[in-house]
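What follows is one structure encoded as C-alpha cells, with my remarks underneath.
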Amino acid sequence: MNFGGIMETVVTSKEFSLEKAHEVLKDEVIAVIGYGIQGPGQACNLRDNGFNVIVGQRPGKTFDKAVADGWVPGKTLFSIEEAAEKGTILCMLLSDAGQIQVWPTIKQYLTKGKTLYYSHGFAINWSDRTGVVPPEDIDVIMVAPKGSGTSLRTMFCEGRGLNCSYAVYQDASGHAEEKTIAFGIGIGAGYMFKTTFEREATSDLTGERGSLMGAIQGLLLAQYEVLRENGHSPSEAFNETVEELTQSLGPLFGEKGMDWMYANCSTTAQRGALDWAPRFHDAIKPVMQQLYESVKTGVEAQMSIDKNSQPDYREKLNEELKAMRESEMWQTGVTVRKLRPENN
C-alpha cells in the first residue's frame with residue numbers, strides 16, 4: 001500500500017480472512033502468559049473468535065480478574081508454568097520487567113516446534129540487557145497493537161479493529177509469517193503493517209516518551225504554567241490548554257487530519273498555528289533526536305530495567321503519579337470534567 005509515496009506491506013481481513021486464520025492455527029494451543037495490560041484483550045478476542053486459548057497467571061487480583069472474565073481454573077486458567085507447558089504458542093504478555101523475571105522458567109518449556117509470541121520487541125531487541133535469548137528451533141513472532149489492551153477489546157466488541165504492526169524474528173518452521181498474520185487476525189487487528197522487532201521496540205519507546213505521553217504532558221504543563229503565571233484563572237488556563245484540545249480539536253484532526261482541522265478553525269487560529277508550528281518544530285526536534293538516540297542505544301531500556309526491577313518500584317511509581325494527579329492543572333481538570341454537559 002502507498003503511504004505518502006512510500007510502499008509498505010499491509011494486511012487486512014480482506015486479504016487474510018478469519019477462516020484462513022482458523023485453518024493456520026487449528027492445531028495450536030495459545031497460552032496467554034500474563035493477564036495484565038494486553039492479556040485480557042488478546043485472550044478474550046481470540047476466545048470469542050473461536051481459537052483454542054488458555055491463560056497462565058499467578059494467584060492474586062489479576063487471577064481473580066481472569067476468573068471474572070470467564071476463564072476457568074484447571075480448564076482454561078492455569079499457573080504460568082502449567083500454561084507454558086500446555087501451550088504450543090506462548091504469548092509473553094507480562095510487563096517487560098515481568099518477562100525478564102520469568103524467562104528462566106518459561107525457557108524450559110520452549111521445546112522444538114513451539115512458537116514464542118510477543119506484543120512488544122523490548123525483551124528480544126535488547127536481549128544483551130534482558131537475557132532473553134530464545135532457542136533456535138522455535139518460531140519467534142510479534143503482533144503489536146497500537147493501543148492499550150483495553151482499546152483492543154473495546155474496539156473488537158464494537159465491531160472495529162485496532163491497527164497493529166507485525167514481525168518475525170525467527171522462522172524455524174518456515175511458516176512463521178503466515179502464523180503471525182493469522183494471530184493478528186485472531187486478536188482483531190484493524191490493519192497490520194510489517195516491521196521488525198528492532199523498529200517496533202525503538203518506535204514504541206520513542207512514542208511513549210514523546211508525543212504519546214511524555215512530550216504531551218510537558219507541553220500541556222508548560223502552557224498551563226505560562227497562562228497561570230500571567231494572571232489567567234485555573235479554569236481558563238485548563239480550557240485553553242487541555243479541554244479544547246481533547247474535546248474539540250483532537251477529534252477533528254483524528255477524523256480527517258490536521259489540515260482539515262485547521263480549515264475548520266477561525267482564520268486567526270489558522271494564521272497563528274501556521275506561523276508558530278515551525279518554531280515549535282525547530283525547538284522540539286533536537287530533543288526528539290536526543291530521545292531517539294537514547295532509545296536506539298539501549299539507554300532507555302536499561303533505565304526501565306533498573307527502575308522497574310527495584311523492590312519499591314510500585315511505591316515510587318504511585319508517588320510520582322500521585323504528584324501528577326494532585327497538581328493544580330489536573331485537579332482543575334477534575335472539576336472541569338464534572339462541569340461537562342453530559343455530567344449535569
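We're numbering straight along the sequence, starting at 1.
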List the atom of [X], the atom of [Y], and the distance in Å for their closest heavy-atom pair.
X      : Y      : value
Ala43  : Val32  : CB-CG2, 3.9 Å
Phe51  : Gly186 : CE1-CA, 3.6 Å
Ser127 : Val133 : CB-CG2, 4.2 Å
Gly121 : Ala201 : C-CB, 3.8 Å
Thr88  : Asp27  : OG1-O, 4.4 Å
Cys91  : Phe183 : SG-CZ, 3.5 Å

Checking the side chain of [X] only, and the main-chain atoms of [Y] only, is there a donor and an acceptor separated by less than 3.5 Å?
X      : Y      : value
Asp139 : Asp171 : no
Lys86  : Ile54  : no
Lys307 : Tyr313 : no
Asn239 : Ser235 : yes
His232 : Val226 : no
Glu255 : Trp260 : no
Thr115 : Ile89  : no
Gln38  : Leu152 : no
Ser248 : Leu245 : no

So, [X] versus [Y]: side-chain donor-acceptor pair below 3.5 Å or not?
X      : Y      : answer
Ser165 : Glu200 : no
Ser148 : Ser151 : yes
Tyr35  : Asp69  : yes
Glu198 : Thr202 : yes
Ser79  : Glu82  : yes
Tyr117 : Gln42  : yes
Thr267 : Gln270 : no
Gln302 : Asp306 : yes

Side-chain ion pair, [X] and [Y], N-O less than 4.0 Å:
X      : Y      : answer
Glu328 : Arg228 : yes
Glu243 : Arg337 : no
Lys322 : Glu326 : yes
Arg153 : Asp48  : yes

Do [X] and [Y] come close enough that some side-chain heavy atom pair is under 4.5 Å?
X      : Y      : answer
Pro234 : Tyr224 : yes
Val102 : Arg58  : yes
Thr335 : Phe238 : no
Trp330 : Val242 : yes
Met92  : Ile106 : yes
Glu8   : Lys194 : no
Lys179 : Ser173 : yes
Phe122 : Leu205 : yes

Side-chain heavy atoms nearer than 4.5 Å, only ILVMFWY residues, links allowed to pass through others: does that put [X] and [Y] together?
X      : Y      : result
Val55  : Ile30  : yes
Leu94  : Val132 : yes
Leu93  : Val67  : yes
Ile187 : Leu90  : no
Ile141 : Tyr118 : no

Can you tell me if [atom1] on [X] sees more than 12 non-hydrogen neighbours from other groups inside 6.0 Å?
X      : atom1 : result
Glu158 : CD    : yes
Leu339 : CG    : yes
Ile37  : CD1   : no
Arg340 : CZ    : yes

Using 0.5 Å steps for rounding, measure from the [atom1] atom of [X] to the [atom2] atom of [Y].
X      : Y      : atom1 : atom2 : value
Asn49  : Cys44  : CG    : SG    : 11.5 Å
Lys107 : Thr105 : NZ    : OG1   : 12.0 Å
Tyr166 : Thr196 : OH    : OG1   : 12.0 Å
Trp71  : Leu77  : CH2   : CG    : 9.0 Å
Cys164 : Ile181 : SG    : CD1   : 12.5 Å
Asn125 : Met142 : CG    : CE    : 9.0 Å

Passes side-chain hydrogen bond (donor to acceptor under 3.5 Å, both in side chains), Glu177 versus Thr180? Steps please. CA-CA 5 Å; Glu177 182 158 346; Thr180 308; over 6 Å; no
Is it possible for you to check whether Arg271 lies under 6.0 Å from the centre of the six-membered ring of Trp276, through NZ or CZ, and within 45° of that ring's axis?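 Not flagged: Arg271 not positioned over aromatic ring of Trp276.
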Cationic tip of Lys20 within the cone over Phe16's six-membered ring, i.e. under 6.0 Å and within 45° of the normal? yes
Would you list the atom pairs, donor with acceptor, under 3.5 Å between side chains in residues 287-295 and any protein atom, with sequence neighbours excluded?
{"residue": "Ser294", "atom": "OG", "partner": "Glu300", "partner atom": "OE2", "Å": "2.7"}

Decide yes or no on side chain to side chain contact (heavy atoms under 4.5 Å, CB included) for Thr130 and Gln99, but give the supporting numbers first. CA-CA 9 Å; Thr130 65; Gln99 290 178 27; over 6 Å; no
Start with the C-alpha distance between Leu220 and Glu225, add both sets of side-chain angles, then the distance that settles side chain to side chain contact (heavy atoms under 4.5 Å, CB included), and finish with yes or no. CA-CA 9 Å; Leu220 296 177; Glu225 288 175 343; over 6 Å; no
Test side chain to side chain contact (heavy atoms under 4.5 Å, CB included) on Thr150 and Thr154 and set out the steps. CA-CA 6 Å; Thr150 301; Thr154 299; 4.1 Å; yes
